[in-house]
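Because the structure is predicted, anything quoted here is derived from the model rather than measured.
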Amino acid sequence: MEKFNVAYSTKNIPLPSRNDFLQRLIEKTEQFLRRMRWKAYFFLNPDTSTSSKDTYGFKSTKNPPPVEELKEFEDDMLKMVQSLKFKQVNDPFLNKLNGDAERIKKETKLLISADKTTNFYKLEPSKYNDLLEQNITKSYKKAHPDILRDIHKEDKKIATKLGIDDRVDTTANKNAFITLKDHKPNFDNKPTCRLINPTKSEIGKISKEILDRINDKIVRASKFNQWKNSSSVIEWFKAIKHKQHHSFICFDIVEFYPSISQDLLNRALDFASAYDNITDDERNIIIHAKNSVLVHKQQTWQKKGDTTFDVTMGSYDGAETCELVASFLLSQLQHLDVNIGLYRDDGLAVCNATPRDTENIKKEICRVFNQNGLRITIEANKQIINFLDVTFNLNNSTYKPFTKPNTTLQYVHRESNHPPITTKNIPAGINKRLSSLSSDKESFDQAAPPYQKALDESGYHYTLHYEPVTTAKRKNRQRNNILWYNPPFSKNVNTNIGHKFLTLVDKHFPRDHKLRKIFNRNTIKISYSCMNNTKQIIDNHNKRILNSSKHANETADNRVDKKSCNCRQKITCPLNGNCLQSSVIYQATVTRNDNSTSETYIGLTENDFKTRYRNHTASFRHAKHRNSTELSKHIWTLKDNNIDHSISWRIISSSSSYNSSSKRCNLCLKEKFLIICRPDLSSLNKRNELVSSCRHRNKALLRNN
């Protein structure tokens, strides 16, 4: 299997093209102005009735009403986008990144990442699909069509009862994929894979909030050692007295997520009911969120067996479900003479019993997990143990950072196209992390060399040094009322977007402005976001290759190709025989016959162009539809003045419309980009389409399905 060499972290970001940057900037600016409009609307209309229902983080799909007091600010924001200046950047590392990005796009094979290393491997689509199907058929079977319909029906029922069915999308059918376990023996001859199922129900977001509340109450009341991170484990270790007289028991729950059965989760919820009032509806939401299916080649698969119940890794509430079950398991271990805790599927305990008694405790821990249908790997009577990313030593009461063997440390390069504040803080962040995982300077110095080497290779001039951790109290600053503007960052942009934006805030919201109270330097902040990194470029490349392979296979299977035109007389086709293209952005050019001047109009259609074309021509014929579009208004103006004219049509671009998977509509975004940044292509379009709503999202809402 041929390797594809990437000698740096795939989190590094190359320079984007001008068009890609502007589209991302328009998207972020639209999101910000949308939030501004809602905030201004409710501030100016305090009596507006707003329900106090919990929306569980799902945002409204309604378009915010225009606010007159924001019009000038929005116009200047639009001008800022249109007037953006770019510059040439000549940096050796960025040149290499951009060269590799081009190399990735030209690659004809898939680039599949390894599971636990930084390697990528080239695979033909056919070989990849064979491996994928082998892994799917090991644990999954084809599902009956009714199963998906029943899950969707219950999703809608839950969302409707909560009053958020107009906010929640249907479950996005994301294709399963694999990563390669190249750390396994005999990988070259018999490659093994990890199967990833990214399809997850939106109801999981609701379940997550409920489980967060339940878990918080359990931990507060029970005082169980439910660790959230390495720091909490270190605090637990430091509190152990007479460490030399203790020994470790360390265990790992094998395949914890998929091993959680519905019966085990129900028993965990029964246990949690003693700490929190869990309603029948909440219990139903938690259980239903675990109904999972896998999607491959537009077919639905389910786990082998009679149920679709499955706690999948990566699901919205998977970690919270594990924490709840872990609390339930810890409650059954409290009778043991051990100090025990869990971090999801990793457990650690200390006891001061004799080695023989410790072995008996080990057997009892195994028995408790076995009777709950879980299998563990366990070792006892250890003085030194590697747990999470820390090595704990009871003999000398020390701890130090731990990395797994054959781990390749890679950091974002100093010259990567990240916001400067990000790369500036990386070395100090690593230093702080290593210091917090080290009990003393000696432990730090033992662990530091590989991290120092990785930093040096990433272009940083920073020497790692031990800094004892200080427990400074963090200031609790109220940040709920802050509106964040998150424009993308790129080194090839010459305009200082942050400075220009804050200048506009000062200009349009002076002290005597009606909205000054909610829009000022204290309530509006800017924080740069990032463009696509190398890993995302590789993922997009793989999607393109798989889609091309799928289309080629359909053609090879002698399937009937979709017609490109259905006009009776091809000579009358508005697009020269290509009128059935869908999800396109088109341009109409209206030329006056008297003076040969032209006006242009840009539009989009998710359906085939022919249908949209018929609607346009109907609006040209019937006066009652004269105000349907800016194009029809112009045509009727010409007709009213008896001016002869001709109309020509062409496709400018094609993009995907809204889908629940990406939560974005590339079709609407591309149209906005063309109208805002290419006014020469759209003289008839209005310039105020920046905050217009996406008409395609409605099809994805539970309410409409």
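- Aromatic rings of F501 and F32 (six-membered ring for Trp) have centroids within the 6.0 Å cut-off, being under it.
- Defined by atom type and a distance below 3.5 Å, a donor-acceptor pair is missing between the side-chain atoms of R149 and H152.
- Salt-bridge annotation for D20 and R24: absent, with no side-chain N of the basic residue lying under 4.0 Å from a carboxylate O of the acidic one.
- By the salt bridge (charged side-chain N to carboxylate O under 4.0 Å, His left out) test, E599 is found to be paired with no residue, residues two or more places apart in sequence or in another chain being considered.
- Counting heavy atoms of neighbouring residues, nucleotides and ligands inside a 6.0 Å radius, atom NZ of K570 exceeds 12 of them.
- Looking only at distances, a side-chain donor or acceptor of E107 sits under 3.5 Å from a matching main-chain atom of K109.
- Checked against salt bridge (charged side-chain N to carboxylate O under 4.0 Å, His left out), K127 has no partners two or more places apart in sequence or in another chain.
- Salt-bridge formation is not detected for the pair K153/D146: no Lys NZ or Arg NE/NH1/NH2 atom is positioned less than 4.0 Å from an Asp or Glu carboxylate oxygen.
- When the options N704, D169, N659 are evaluated for a side chain to side chain donor-acceptor pair (under 3.5 Å) with R697, the one that passes is D169.
- Looking at heavy atoms from C-beta onward, Y613 lies out of side-chain contact with Y586 at the 4.5 angstrom threshold.
- Judged by distance alone, the side chain of D166 and the main-chain N or O of R703 form no donor-acceptor pair under 3.5 Å.
- Residues E606 and S583 have side chains that never bring a donor and an acceptor to within less than 3.5 angstrom of each other.
- Judged by the 6.0 Å and 45° rule, K122 forms no cation-pi pair with F4.
- At least one donor-acceptor pair closer than 3.5 Å links the side chain of N492 to the backbone N or O of P16.
- The residues D594 and R592 are annotated as salt-bridged, a charged nitrogen and a carboxylate oxygen being separated by less than 4.0 angstrom.
- Salt-bridge check for K71 with E74: failed, with every basic side-chain N at 4.0 Å or more from each acidic carboxylate O.
- For the pair K205 and Y56, the cation-pi test (distance below 6.0 Å, angle within 45°) is failed.
- A side-chain donor from one of S490 and N417 sits under 3.5 Å from a side-chain acceptor of the other.
- A salt bridge does not link K543 to D539: none of the charged nitrogens lies less than 4.0 Å from a carboxylate oxygen.
- Taking the side chain as every heavy atom from C-beta outward, H418 and C530 approach each other to under 4.5 Å.
- Looking at I206 and F58, their side chains come closer than 4.5 Å, going by heavy atoms from C-beta outward.
- The closest side-chain donor-acceptor pair between S657 and K699 falls under 3.5 angstrom.
- Side-chain contact check for F177 versus P198: some heavy-atom pair is nearer than 4.5 Å.
- Side-chain atoms of N533 do not come within 3.5 Å of backbone N or O of I13 as any donor-acceptor pair.
- Contact annotation: the side chain of I647 approaches that of F620 to within less than 4.5 Å [non-hydrogen atoms, C-beta and beyond].
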